Number of protein chains: 2
Amino acid sequence: MNVTALGYVLLGLLARESRSGYDLAQNLRRPVGFFWAANHSQIYPQLARLEEEGLVEHEVVDQRDRPAKKVYTLTPRGRETLRTWLVEPLTFPTYRDELTLKAYSLWLADRVEAARMLREHAEEHRAREAVCQTYVDDLTDHASEALTRVDTPEFAAYVAAQRGVSIAREARSWCLWVARLLEAQTPLTEAQLRSLPMPPS
Amino acid sequence: MNVTALGYVLLGLLARESRSGYDLAQNLRRPVGFFWAANHSQIYPQLARLEEEGLVEHEVVDQRDRPAKKVYTLTPRGRETLRTWLVEPLTFPTYRDELTLKAYSLWLADRVEAARMLREHAEEHRAREAVCQTYVDDLTDHASEALTRVDTPEFAAYVAAQRGVSIAREARSWCLWVARLLEAQTPLTEAQLRSLPMPPS
DNA sequence: TGTTGCTATGTATAGAATGACATATGTTAC
DNA sequence: GTAACATATGTCATTCTATACATAGCAACA
């Protein structure tokens with residue numbers, strides 16, 4: 001029973017609601033895609049593997065105005081597998097951050113171009129923050145009851161969306177700080193170097 | 001001239017100093033590994049590919065008390081390739097965060113076990129923050145002159161290390177927030193749900 | 001009738017990453 | 001002597017990922 005990271009993503013979505021592979025692919029674009037992206041060519045084979053191991057089942061559902069679909073449902077065994085994974089230490093620890101990677105070689109770059117790149121990236125994170133904040137607000141407005149209990153899907157979605165907001169703000173804050181340093185006159189002052197607003201420890 | 005992310009990592013390290021594959025593998029564990037991890041079985045073939053494309057060169061260096069090594073050096077063409085990549089929009093956009101992924105299914109988990117997992121993870125980030133802060137402090141203490149100019153390797157290392165601190169604090173802050181919610185008595189109050197200390201926008 | 005577009009499910013292929021396997025030199029400690 | 005350990009470089013098998021290719025139903029519109 002060797003489940004991959006993508007496998008757990010799919011189990012997590014199916015734990016909330018039964019879905020088709022196509023639906024799962026959509027979910028792995030917008031809401032969940034901020035944390036784990038994948039496209040349909042990975043999802044369909046992965047679903048087949050999960051079914052082989054008895055973690056999901058599917059049922060063909062005919063539709064009137066659309067092609068038929070395979071609706072996948074989590075099995076009790078799939079649910080247990082997911083529950084176990086949740087509280088384990090991180091299984092796939094490889095962290096990758098291309099932006100910080102570029103930062104590490106920033107001393108070679110054209111100052112003006114680099115500042116522009118960072119400001120563009122800050123803007124992307126502003127947009128991402130807005131999307132995540134929308135999820136937070138929707139849950140606060142329309143599911144305030146469910147949010148008071150930690151065993152609801154809404155609660156889990158809420159803390160995940162807050163993480164999205166938090167990560168986007170951190171990234172944006174850092175991008176703008178570096179952009180300002182690149183655009184400032186040298187020599188930089190100590191105050192400028194210390195001017196990164198840090199999240200509270 | 002199709003350079004992979006790992007390729008750029010290696011070019012970025014070699015731009016600072018010529019190194020052997022073994023040295024690069026060490027660097028991709030501790031300092032740079034926080035942003036891009038890799039092991040030697042990827043590095044050696046990658047170096048060969050970079051050399052084929054004329055971005056790096058190597059020279060065999062005999063050592064008295066150790067086995068001989070291949071010291072790789074960045075070529076002018078490699079330097080240009082790196083410089084170009086730096087200011088491009090992100091080329092490898094896939095973002096993956098296993099922790100937020102787990103959070104999304106947290107409603108299924110055992111509260112006590114989940115809180116323990118999150119506190120363990122917070123502790124890991126505290127340690128990571130300390131390591132990154134050490135780099136920041138070292139640079140501040142021993143390279144304050146170089147930090148005033150943005151075209152020094154020290155400046156780039158400084159902003160990258162600050163990012164490490166920033167990311168670790170954000171992660172720790174969020175983990176402890178969720179752990180507190182899981183350990184609190186239900187129903188949760190609105191104040192508790194809003195109590196995540198956010199990095200400034 | 002044809003074209004565009006969304007739904008829906010797959011395969012093929014090439015590249016990348018992981019972990020295991022494999023080898024060799026030299027130092028230090030027992 | 002030999003065992004453990006750090007340095008040093010590589011390969012191999014398997015798995016994972018990304019991109020493109022491929023097919024098909026149905027609706028809306030021109």
Side-chain angles (χ1 to χ4, degrees), chain A residues 1-10 18-30 32-33 35-53 56 58-72 90-98 101, chain B residues 1-10 18-30 32-33 35-53 56 58-72 90-98 101:
Chain A
M1 205 170 49
N2 230 357
V3 183
T4 66
L6 178 59
Y8 286 116
V9 180
L10 301 179
S18 295
R19 282 169 238 236
S20 67
Y22 186 83
D23 291 334
L24 288 164
Q26 300 306 311
N27 293 135
L28 286 186
R29 287 191 164 280
R30 253 158 303 165
V32 177
F35 311 118
W36 208 280
N39 39 29
H40 73 274
S41 64
Q42 289 170 261
I43 291 166
Y44 290 118
Q46 186 66 51
L47 281 170
R49 247 168 287 155
L50 292 173
E51 188 154 41
E52 265 180 47
E53 303 188 5
V56 302
H58 86 267
E59 183 190 14
V60 176
V61 174
D62 287 316
Q63 297 179 110
R64 286 167 212 163
D65 48 354
R66 290 174 189 177
K69 62 181 174 181
K70 293 184 180 176
V71 174
Y72 285 86
L90 294 200
T91 328
F92 316 99
T94 325
Y95 184 78
R96 299 205 140 100
D97 186 324
E98 192 190 353
L101 209 58
Chain B
M1 203 169 50
N2 229 358
V3 183
T4 66
L6 178 58
Y8 286 117
V9 179
L10 301 180
S18 295
R19 280 170 242 239
S20 67
Y22 186 84
D23 291 334
L24 289 165
Q26 300 307 310
N27 293 135
L28 285 187
R29 286 191 164 280
R30 252 159 304 166
V32 176
F35 311 118
W36 207 280
N39 38 30
H40 74 276
S41 63
Q42 288 171 261
I43 292 167
Y44 290 118
Q46 186 65 51
L47 280 169
R49 247 168 286 153
L50 292 174
E51 187 154 42
E52 264 179 49
E53 301 188 9
V56 301
H58 85 267
E59 182 191 14
V60 177
V61 174
D62 287 315
Q63 299 179 108
R64 286 167 212 164
D65 48 356
R66 289 174 190 180
K69 62 181 174 181
K70 293 183 181 177
V71 174
Y72 284 85
L90 295 198
T91 327
F92 315 99
T94 325
Y95 184 78
R96 299 203 141 102
D97 185 327
E98 193 190 353
L101 209 59

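We name chains A, B, ... by the order of the sequence lines, and we start the count at 1 in each one. Because the structure is predicted, anything quoted here is derived from the model rather than measured.
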Send over the distance from [X] [atom1] to [N] [atom2], rounded to a whole Å.
{"X": "A/Glu59", "N": "C/dT9", "atom1": "CD", "atom2": "C1'", "answer": "17 Å"}
{"X": "A/Tyr44", "N": "D/dT19", "atom1": "OH", "atom2": "P", "answer": "18 Å"}
{"X": "B/His58", "N": "D/dG10", "atom1": "NE2", "atom2": "C1'", "answer": "13 Å"}
{"X": "B/Lys69", "N": "D/dT9", "atom1": "NZ", "atom2": "P", "answer": "8 Å"}
{"X": "A/Asp62", "N": "C/dA8", "atom1": "CG", "atom2": "C1'", "answer": "12 Å"}
{"X": "A/Leu10", "N": "D/dC16", "atom1": "CG", "atom2": "P", "answer": "13 Å"}
{"X": "A/His40", "N": "D/dT23", "atom1": "NE2", "atom2": "P", "answer": "14 Å"}

What heavy-atom pair brings [X] and [Y] nearest, and what distance separates the two atoms?
{"X": "B/Leu24", "Y": "B/Arg19", "value": "CD2-CD, 4.0 Å"}
{"X": "A/Ala37", "Y": "B/Arg96", "value": "O-NH2, 2.7 Å"}
{"X": "A/Leu6", "Y": "A/Ala38", "value": "CD1-CB, 3.8 Å"}

Can you measure from [atom1] ([X]) to [atom2] ([Y]) and round to the nearest 0.5 angstrom?
{"X": "B/Leu50", "Y": "B/Thr4", "atom1": "CG", "atom2": "OG1", "value": "7.0 Å"}
{"X": "A/Gln46", "Y": "A/Ile43", "atom1": "CD", "atom2": "CD1", "value": "9.5 Å"}
{"X": "A/Tyr22", "Y": "A/Tyr44", "atom1": "OH", "atom2": "OH", "value": "8.0 Å"}
{"X": "A/Gln42", "Y": "A/Leu28", "atom1": "CD", "atom2": "CG", "value": "9.0 Å"}
{"X": "B/Trp36", "Y": "A/Leu101", "atom1": "CH2", "atom2": "CG", "value": "6.5 Å"}
{"X": "B/Ser20", "Y": "B/Arg66", "atom1": "OG", "atom2": "CZ", "value": "10.0 Å"}

Between D/dT7 and B/Ser20, is there an OP1 or OP2 to side-chain N/O distance shorter than 4.0 Å?
->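 Looking at the OP1 and OP2 atoms of D/dT7, neither is under 4.0 Å from any side-chain N or O of B/Ser20.
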
Should A/Tyr22 be listed as having a side-chain N or O under 4.0 Å from OP1 or OP2 of C/dT7?
->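 Yes, within the criterion.
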
Contacts under 3.5 Å, N or O only, protein and nucleotides 12-19 of chain C:
| residue | atom | partner | partner atom | Å |
| --- | --- | --- | --- | --- |
| C/dA16 | OP2 | B/Arg49 | NH1 | 3.4 |
| C/dA17 | OP2 | B/Gln42 | NE2 | 3.0 |
| C/dA17 | O5' | B/Gln42 | NE2 | 3.4 |
| C/dT18 | OP1 | A/Thr94 | OG1 | 3.0 |
| C/dT18 | OP2 | B/Gln42 | OE1 | 2.8 |
| C/dG19 | O6 | B/Ser41 | OG | 2.9 |

Under 4.0 Å protein heavy-atom contact, by nucleotide of nucleotides 24-30 of chain C - B base, S sugar-phosphate only = -BSS---

Comparing B/Pro45 and B/Asp23 on DNA chain D - which has the more 5′ nearest nucleotide |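 Its nucleotide being nearer the 5' end, the pick is B/Asp23.
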
